[in-house]
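Heavy-atom basis, side chains included; hydrogens, waters and symmetry copies ignored. Order of the sequence lines sets the chain letters (A, B, ...), proteins ahead of strands, with each chain counted from 1.
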Number of protein chains: 2
Amino acid sequence: MKRHVLIYGLIGGVLIVVLKWTEYRFLVFEHSIEIYGGLIAGTFAVLGIWLGLKLTGTRERIVVKEVPVPAGEPFVPDESMREGLGITPREMEILGLIATGLSNREIADRLFVSENTVKTHSSRLFDKLGAKRRTQAVQIGKTARLIP
Amino acid sequence: MKRHVLIYGLIGGVLIVVLKWTEYRFLVFEHSIEIYGGLIAGTFAVLGIWLGLKLTGTRERIVVKEVPVPAGEPFVPDESMREGLGITPREMEILGLIATGLSNREIADRLFVSENTVKTHSSRLFDKLGAKRRTQAVQIGKTARLIP
DNA sequence: TGCAAAATCACCCAAAAGGGTGACGACAAC
DNA sequence: GTTGTCGTCACCCTTTTGGGTGATTTTGCA
């Protein structure tokens with residue numbers, strides 16, 4: 001996003017030069033004020049549109065939607081299943097955080113450990129679950145009742 | 001969407017008249033070319049930004065509010081939610097396959113399309129869901145009742 | 001029947017994820 | 001005390017993902 005502002009400033013600088021040139025070229029010597037005005041109007045309109053488009057990259061409208069959710073048991077992780085697979089508590093923790101859609105970096109920050117640590121944990125976790133990807137690990141963990 | 005362009009043109013026409021007026025009012029009699037140019041530049045930049053803002057469709061960001069409901073139903077994907085987010089059927093299909101833990105390559109093979117196609121589908125899907133990762137997309141899709 | 005949306009694919013680049021290996025301290029069990 | 005598990009971290013290398021851009025074809029609907 002900072003790049004855009006920079007580019008905008010640069011283009012602005014170039015424009016000043018161009019406009020200064022056109023000023024003496026068309027205005028002073030031929031006095032064609034209409035061309036000058038049109039030029040400025042056109043370029044700035046285009047520039048404005050572009051800026052506006054760039055600026056609205058993150059414009060979102062919040063829509064609150066009520067969603068029915070199955071009420072009932074608050075879910076308890078299957079401890080015996082966890083033990084059976086030889087998954088350590090820490091690995092379970094990582095699995096839960098993976099399931100919420102966090103990246104390794106974010107998990108590392110949340111648990112105050114290094115990203116490498118998270119990676120070894122998840123690596124061993126995937127191995128124990130027989131998963132090749134984190135999405136698969138989540139899927140398996142879900143069917144195994146390790147996570148809700 | 002076309003209305004905006006029309007309005008833009010109309011305003012442009014009005015502006016030309018106004019500018020013509022200011023030209024004789026301020027420019028010819030006082031020769032303040034800088035003010036004239038600045039005026040045009042400013043107005044058109046603002047106009048352009050406004051147009052750009054109008055042109056970009058507002059993106060909807062779902063905020064799910066969970067409401068407890070008697071559990072038991074075999075799950076039906078929330079069509080209104082899908083439409084509301086502007087997610088296409090094909091993208092839904094990809095979301096479902098992602099949720100099962102498949103890689104892009106595997107999804108591509110299953111749907112008989114190229115991996116690139118799957119990537120663009122998932123890319124747009126993540127954009128619409130406001131997800132940065134596939135695991136997050138799955139999580140969001142789940143809470144939005146798009147997938148079981 | 002013509003336009004807009006959807007679906008398809010390619011290419012490049014950067015970031016994230018995953019695999020493999022090795023290492024070190026803490027702690028419990030034996 | 002030795003052994004084993006657990007949690008921690010590093011480094012390297014490959015694969016996977018994701019972002020961005022651009023283009024073409026299909027198709028559904030006005």
Strand contacts (DNA chain D) in residues 117-126 of chain B, 4.0 angstrom heavy-atom criterion: B/Lys119, B/Ser123, B/Phe126

Length of the line joining A/Lys128:NZ and D/dG7:C1', which is rounded to integer Å: 11 Å

Distances under 3.5 Å between protein N/O atoms and the N/O atoms of nucleotides 26-30 of chain C, please, pair by pair.
none

Transitive ILVMFWY cluster of A/Ile98, excluding itself - 4.5 Å side-chain cut-off: A/Met81, A/Leu85, A/Ile87, A/Met92, A/Ile94, A/Leu95, A/Leu97, A/Leu102, A/Ile107, A/Leu111, A/Val113, A/Val118, A/Leu125, A/Phe126, A/Leu129, A/Val138, A/Ile140, A/Leu146, A/Ile147

All pairs passing salt bridge (Lys or Arg N to Asp or Glu O under 4.0 Å) where residues 98-110 of chain B contributes a residue, at least two apart: A/Arg133-B/Glu106, B/Arg105-B/Asp109, B/Arg105-B/Glu115

Residue-level proximity of residues 87-97 of chain A to DNA chain D when a heavy atom falls under 4.0 Å: A/Thr88, A/Pro89, A/Arg90

Protein-nucleotide distance (A/Glu115, atom CD; C/dG19, atom C1'), rounded to Å: 15 Å

Set of side chain to side chain donor-acceptor pair (under 3.5 Å) partners for A/Asp78, sequence neighbours left out: A/Ser80

Integer-rounded Å distance: C/dA10 P and B/Asn116 CG: 6 Å

All pairs passing side chain to side chain donor-acceptor pair (under 3.5 Å) where residues 118-130 of chain A contributes a residue, at least two apart: A/Glu91-A/Lys128

Residue B/Arg134, side-chain atoms from C-beta onward, closest of D/dC11, D/dG18, C/dC11: D/dG18

Nucleotide D/dG18, atom P - distance to CD of B/Gln136 in whole Å: 10 Å

Estimated bend of the helix from C/dT1-D/dA30 to C/dC30-D/dG1 (axis per five terminal pairs, rounded to 10 degrees): 50°

Between D/dT17 (C1') and A/Lys132 (NZ): distance, integer Å: 18 Å

More than 12 heavy atoms from other groups under 6.0 Å of NZ on A/Lys142: yes

Spacing of CD belonging to B/Gln136 relative to CD belonging to B/Gln139, to within rounding of 0.5 Å: 8.0 Å

Residues within residues 101-112 of chain B bordering DNA chain D, heavy-atom distance below 4.0 Å: B/Ser103, B/Asn104

Set of residues satisfying side-chain contact (heavy atoms from CB on, under 4.5 Å) with respect to A/Glu79, sequence neighbours excluded: A/Arg82, A/Glu83

